[in-house]
Chemist: 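So that we are looking at the same thing, I have put the structure below in structure tokens.
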Protein chains: 2
Amino acid sequence: MTERRLQILDAAATLISERGYTSTSVDDVIKSAKLSGKSHFYHYFKSKEELGYEVLNRQFERFAERGLAILREPMIDPLERLNLFIDAVVALQSESGGRRGSPFGNLAAELADAHEGFRVRIEAVFERWASQIRSLLWEARPQLQDDVDAVRLSRFIIAALEGAVLMTRVKRDLSVLEGIAVDLKRFIAMHVRDKSAWPLHRHHE
Amino acid sequence: MTERRLQILDAAATLISERGYTSTSVDDVIKSAKLSGKSHFYHYFKSKEELGYEVLNRQFERFAERGLAILREPMIDPLERLNLFIDAVVALQSESGGRRGSPFGNLAAELADAHEGFRVRIEAVFERWASQIRSLLWEARPQLQDDVDAVRLSRFIIAALEGAVLMTRVKRDLSVLEGIAVDLKRFIAMHVRDKSAWPLHRHHE
DNA sequence: TAACAATAGGACCGTACGGTCCAATACGCA
DNA sequence: TGCGTATTGGACCGTACGGTCCTATTGTTA
């Protein structure tokens, strides 16, 4: 039962990340998921909107597994984990040559004003993402300067990555993201308490 | 002749920045610009696409006048100008309560993959923006560390701002952008050669 | 006054879209 | 065997969209 649903979800996720939500028609999804017709599709989803919501959830779950999970690795130094996470974002984008951008950022830009249902769900996604970074930052507190604002810094990291991914997509040039990743690591390293005791600043040489 | 065109352009700009390009119909524009009908509209524009291109151009011109112009003020210290520019971006967003986001970023996310014509025009917009920052950075070279990469740093600034504006829009909270603006200034200040000689770091207290 | 752009109003067209409804067949499992 | 779910196929509907065409009526200005 759930198998065909996932197949549809995956097909839709690909289409939506390529063309956006509005420009992806239900018929496109049906064709791509090799369903027999609309009845078949509407047997699994009550509307295109519901499909969109579930695609968003699924995209976040994938991102949580393949990206955010790194932030919680218990055996690695927290700030090192943050660098690894940034590397993972770059790696994820590399898979599509930087052409797809962020599934969250794309939907956000497309629907934030037009569709409140999506807006709140995307907001929740960013919040969950930010909270992961915040708890990592909390964990790294002993290494960080006293005045580090975890809320602000976590937002900055996400904004920089989302902006970088967007520009990469527009320029069709992965090196944009790579360069910004380097700078972002440097910015994070700027917040460590004792730079000489922290070898992270070698990352940008 | 050109007056009515501008009226249409402005109405379309507002609608597009509110709902996106795809979700803005020609009839919406006609209604908003108080035209009598389609003939009237198509008397001025040969297609919706042409309208979209011109809206984008006009948005950039406005941004160039009200934002980028600050980067060229000859009587102000270049790095100070950069801070003022960031403030101006925040101020521009405040006008809409952070609800509209960046006209470039929005179109980029919506159309970069689906519509090559828009993609290249948006790419050009970002490039012109980046080049303004690059020449400012070049001007500020004596105050900056030797290893500052102007191309990379200019991209970082734009990405951070675009990402910040996007998140602000999703969260409907201007303080997101304000916080990121503070951090971005700090990041820029990180690149100055002699921090004690440069009072800019007081900006974040 | 002649020429031309601007304004007005509306009919029309082809296409695409999200969604509904219905009838029939296959399939898995108790 | 029978019951529910999965699957197939297609007709159909209302709406919205971008765009065309045609006809008139207003300015404007050389």
Side-chain angles (χ1 to χ4, degrees), chain A residues 1-58 106-107 110-111 113-119 121, chain B residues 1-58 106-107 110-111 113-119 121:
Chain A
M1 155 180 64
T2 207
E3 189 184 332
R4 200 58 167 238
R5 260 183 90 90
L6 294 183
Q7 186 185 347
I8 299 174
L9 251 9
D10 284 339
T14 301
L15 290 173
I16 290 173
S17 69
E18 278 171 4
R19 320 180 190 171
Y21 174 78
T22 309
S23 298
T24 298
S25 72
V26 174
D27 282 323
D28 290 338
V29 174
I30 287 167
K31 220 177 106 187
S32 172
K34 291 177 173 86
L35 302 180
S36 59
K38 289 204 172 163
S39 346
H40 203 175
F41 173 85
Y42 282 100
H43 180 65
Y44 289 100
F45 297 91
K46 63 182 257 266
S47 67
K48 186 191 178 187
E49 198 181 343
E50 185 190 276
L51 171 73
Y53 292 160
E54 295 200 24
V55 164
L56 178 60
N57 279 337
R58 199 162 154 73
N106 293 350
L107 284 182
E110 187 186 347
L111 301 170
D113 277 327
H115 200 302
E116 181 69 7
F118 274 102
R119 204 213 99 232
R121 283 167 176 83
Chain B
M1 154 179 66
T2 206
E3 190 183 331
R4 201 57 168 237
R5 259 184 92 90
L6 294 183
Q7 186 185 348
I8 299 173
L9 250 9
D10 284 340
T14 302
L15 290 173
I16 289 173
S17 70
E18 278 171 4
R19 321 179 189 170
Y21 174 79
T22 309
S23 298
T24 299
S25 72
V26 174
D27 282 323
D28 290 337
V29 174
I30 287 167
K31 219 177 108 188
S32 173
K34 291 177 173 86
L35 303 180
S36 60
K38 289 205 172 159
S39 347
H40 203 175
F41 173 85
Y42 282 100
H43 180 66
Y44 289 99
F45 297 91
K46 64 182 256 265
S47 67
K48 186 191 178 188
E49 197 181 345
E50 185 190 276
L51 172 73
Y53 292 160
E54 295 200 23
V55 165
L56 177 60
N57 279 337
R58 199 162 153 73
N106 292 350
L107 284 182
E110 187 185 348
L111 301 170
D113 277 327
H115 200 302
E116 182 70 6
F118 274 101
R119 204 213 100 232
R121 282 167 176 83

Chemist: Nearest whole Å is fine: how far is C/dA23 P from A/H43 NE2?
Modeler: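 To the nearest whole Å, that distance equals 18 Å.
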Chemist: In whole angstrom, give the distance that lies between atom CZ of A/R19 and atom C1' of C/dA16.
Modeler: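 So the CZ-C1' distance, A/R19 to C/dA16, works out to 14 Å.
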Chemist: Using whole Å, what does the distance between atom P of nucleotide D/dA6 and atom CD of A/Q7 come to?
Modeler: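 Those two atoms, CD and P, are 14 Å apart.
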Chemist: Listing time: all N or O pairs from protein to nucleotides 17-25 of chain D that are below 3.5 Å?
Modeler:
unit_1	atom_1	unit_2	atom_2	d
D/dG18	OP1	B/K48	NZ	2.9
D/dG18	OP2	B/V26	N	2.8
D/dG18	N7	B/K38	NZ	2.8
D/dG19	OP2	B/Y42	OH	3.1
D/dG19	OP2	B/K48	N	2.9
D/dG19	N7	B/K38	NZ	2.9
D/dG19	O6	B/K38	NZ	3.0

Chemist: Rounded to the nearest 0.5 Å, how far apart are CG of B/L6 and CZ of B/R4?
Modeler: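 Here the interatomic distance stands at 11.5 Å.
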Chemist: With side chains defined as the heavy atoms from C-beta onward, is the minimum distance between B/F45 and B/L9 less than 4.5 Å?
Modeler: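 Touching, per the 4.5 Å side-chain cut-off.
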Chemist: Are A/D27 and A/K38 side-chain neighbours, meaning at least one heavy-atom pair lies under 4.5 Å?
Modeler: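 Yes; the side chains approach each other to less than 4.5 Å.
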Chemist: Nearest whole angstrom, please: distance from the C1' of C/dC27 to the CD of A/E3.
Modeler: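 After rounding, the reported distance stands at 14 Å.
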Chemist: Between atom CD of A/E110 and atom OG1 of A/T22, what is the distance when rounded to the nearest 0.5 Å?
Modeler: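 Here the interatomic distance stands at 4.0 Å.
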Chemist: Distance check needed: D/dT26 P versus B/H40 NE2, whole Å only.
Modeler: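 These atoms are roughly 15 Å apart.
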Chemist: Check whether any side-chain nitrogen or oxygen of B/R4 sits under 4.0 Å from OP1 or OP2 of C/dT7, and answer yes or no.
Modeler: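 Affirmative; the distance criterion is met.
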Chemist: One pair to check against side chain to side chain contact (heavy atoms under 4.5 Å, CB included): B/I16 and B/L107. What are the steps and the verdict?
Modeler: CA-CA 9 Å; B/I16 289 173; B/L107 284 182; 4.1 Å; yes
Chemist: Please say whether the positively charged group of B/K48, taken as NZ for Lys or CZ for Arg, lies over the ring of B/Y21, i.e. under 6.0 angstrom from the six-membered ring centre and within 45 degrees of the axis.
Modeler: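 Relative to the ring axis of B/Y21, which defines the angle, B/K48 lies inside both limits.
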